[in-house]
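Side-chain atoms are counted along with the backbone in the values below, which use heavy atoms only and exclude waters and symmetry mates. Note that the structure is predicted; figures quoted are calculated from it, not measured.
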Amino acid sequence: MRAALFVAFLACQTLGLSAAVTTPAAAALQEETREQFMQRCTLARAETANMESYAEGACAEKWIALNRANPMLDAILSVFVAGTPSALDPADVQRRASIVRWTSPSQGQLAGLNVEVTRTPTTRIIFNWSATGQPIPYDPVEALRVRGAQVYPIGCYALGAGESNGVWRVDAPGHAPFALTVYRREAPTASALSYITVSADAERNLPTLGDLMAAEPDQDWQDCPS
């Protein structure tokens with residue numbers, strides 16, 4: 001899995017947050033309404049594509065995709081609640097992410113997603129989805145923004161049309177900062193697989209762009225598209 005290729009490198013870095021986060025837990029994230037999101041999204045897409053009617057339809061589809069990502073985000077955010085230490089082993093992640101229906105010490109299910117928790121060597125929670133010839137139905141990065149989180153791109157690369165990997169820093173109210181990795185591939189044909197892998201470093205390592213480039217030097221890491 002490409003999204004996890006750089007974890008071994010991160011384990012050697014001194015990027016982790018302290019074991020105990022002293023920031024008090026904040027109130028629930030301040031979410032955008034559908035109307036607020038549609039206004040923001042439509043304006044941005046209309047400026048890019050110069051087609052307002054196209055922008056409205058695309059943003060309506062995106063709203064559905066980001067809402068589908070909410071159960072995944074609930075599970076991820078539960079691992080990073082402010083005032084709690086880093087989750088240093090898979091069992092700790094499973095205890096915190098109790099919304100997941102765990103079926104083994106490393107596997108679970110949640111709202112159509114396959115869930116893994118691994119230590120390779122850092123502890124990660126990973127969500128996988130795939131289907132033949134289907135568009136990817138999840139947009140976790142935009143869903144975090146709608147929920148009031150600040151999401152900053154660390155680095156991304158493309159592997160071809162419709163295939164990319166990106167790493168993002170997430171600062172969500174009431175939660176410790178964490179790194180989110182999103183690897184996605186849209187099916188180029190009706191008979192090909194689409195898939196998305198979303199993972200978070202439960203040990204709260206925050207890579208830099210330089211770290212990502214050092215871990216995967218053959219990839220063209222650069223700024224993420226907006």
Side-chain angles (χ1 to χ4, degrees), residues 1-11 62 65-80 87 90 93-94 96-97 99-145 149 151-170 178-188 192-207 211-212 215-216 218-222 224-225:
M1 182 185 62
R2 300 178 195 272
L5 289 178
F6 60 87
V7 243
F9 176 84
L10 293 181
K62 182 177 279 289
L66 63 88
N67 273 280
R68 284 200 190 102
N70 279 328
M72 179 199 316
L73 298 185
D74 288 339
I76 291 173
L77 289 169
S78 69
V79 179
F80 301 99
V93 171
Q94 289 190 336
R96 300 187 197 196
I99 188 176
V100 176
R101 182 172 62 84
W102 297 105
T103 56
S104 78
S106 61
Q107 303 284 334
Q109 297 286 323
L110 176 66
L113 294 156
N114 295 318
V115 190
E116 300 176 67
V117 59
T118 65
R119 195 170 191 182
T120 56
T122 62
T123 303
R124 302 185 70 84
I125 184 169
I126 305 167
F127 299 81
N128 293 295
W129 172 90
S130 64
T132 302
Q134 299 296 317
I136 295 172
Y138 304 98
D139 191 340
V141 171
E142 192 61 34
L144 282 162
R145 291 190 176 120
V151 186
Y152 306 99
I154 298 174
C156 292
Y157 62 79
L159 293 162
E163 187 173 5
S164 64
N165 191 40
V167 184
W168 311 79
R169 175 189 170 119
V170 179
F178 64 93
L180 186 78
T181 300
V182 181
Y183 173 72
R184 54 186 294 138
R185 179 181 185 270
E186 294 277 1
L193 272 178
S194 290
Y195 48 88
I196 183 171
T197 298
V198 180
S199 66
D201 187 331
E203 296 186 31
R204 304 179 185 177
N205 297 294
L206 291 170
D211 294 328
L212 300 177
E216 294 185 79
D218 294 335
Q219 302 300 340
D220 183 21
W221 286 100
Q222 52 189 277
C224 301

Exercise. Give every residue pair that meets the salt bridge (charged side-chain N to carboxylate O under 4.0 Å, His left out) criterion with at least one member in residues 125-143, sequence neighbours excluded.
Key: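 Checked against salt bridge (charged side-chain N to carboxylate O under 4.0 Å, His left out) - neighbours excluded - the pairs reaching residues 125-143 are Arg40-Glu142, Lys62-Asp139, Glu142-Arg145.
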
Using every non-hydrogen atom in the two residues, find where [X] and [Y] come nearest and quote the distance to one decimal.
X	Y	answer
Pro140	Val182	CG-CG2, 4.1 Å
Val93	Ala202	CG2-CB, 3.8 Å
Leu66	Ala143	O-CB, 3.3 Å
Trp168	Cys224	CH2-CB, 3.5 Å

Heavy-atom distance under 4.5 Å between the side chains of [X] and [Y], does that happen here?
X	Y	answer
Val167	Pro207	yes
Tyr157	Glu163	no
Glu216	Asn165	yes
Arg101	Leu110	no
Leu113	Tyr138	yes

From [X] atom [atom1] to [Y] atom [atom2], the distance as rounded to the nearest 0.5 Å:
X	Y	atom1	atom2	result
Ile154	Leu180	CD1	CG	9.5 Å
Ile99	Leu77	CD1	CG	10.5 Å
Arg96	Ile125	CZ	CD1	11.0 Å
Asn128	Tyr183	CG	OH	11.5 Å

Quiz item: Sequence neighbours excluded, which residues qualify as salt bridge (charged side-chain N to carboxylate O under 4.0 Å, His left out) partners of Arg68?
Solution: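 Once residues adjacent in sequence are excluded, Arg68 has no partner under the salt bridge (charged side-chain N to carboxylate O under 4.0 Å, His left out) criterion.
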
Quiz item: With Arg119, which residues qualify under salt bridge (charged side-chain N to carboxylate O under 4.0 Å, His left out), at least two apart?
Solution: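 For Arg119, the residues satisfying salt bridge (charged side-chain N to carboxylate O under 4.0 Å, His left out) (neighbours in sequence not counted) are Glu203.
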
Practice problem: Using the test side-chain hydrogen bond (donor to acceptor under 3.5 Å, both in side chains), find all partners of Glu186 that sit at least two apart in sequence or belong to another chain. | Solution: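 With sequence neighbours excluded, Glu186 shows a side-chain hydrogen bond (donor to acceptor under 3.5 Å, both in side chains) to Arg184, given in chain and number order.
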
Exercise. Can you sort out the partners of Gln134 under side-chain hydrogen bond (donor to acceptor under 3.5 Å, both in side chains), two or more places apart, ordered by chain and number?
Key: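 Expected list: none.
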
Output yes when a side-chain donor or acceptor of [X] lies under 3.5 Å from a complementary backbone atom of [Y], and no otherwise.
X	Y	answer
Trp102	Ala97	yes
Trp221	Leu212	yes
Gln94	Ser104	yes
Ser194	Ile136	no
Ser199	Ile126	no
Arg185	Leu193	yes

Quiz item: What pairs with Phe80 under ring pair (Phe, Tyr, Trp, His ring centres under 6.0 Å), at least two apart in sequence or on another chain?
Solution: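 So Phe80 forms a ring pair (Phe, Tyr, Trp, His ring centres under 6.0 Å) with Phe178.
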
Quiz item: Can you list the steps and then say if Asp211 with Asn205 is a side-chain contact (heavy atoms from CB on, under 4.5 Å)?
Solution: CA-CA 11 Å; Asp211 294 328; Asn205 297 294; over 6 Å; no

Quiz prompt | Worked check of side-chain contact (heavy atoms from CB on, under 4.5 Å) between Gln109 and Asn114 | solution = CA-CA 5 Å; Gln109 297 286 323; Asn114 295 318; 2.6 Å; yes

Practice problem: In sequence, state the C-alpha distance, the side-chain angles, and the governing distance for Ile76 and Val170, and then conclude on side-chain contact (heavy atoms from CB on, under 4.5 Å). | Solution: CA-CA 11 Å; Ile76 291 173; Val170 179; over 6 Å; no

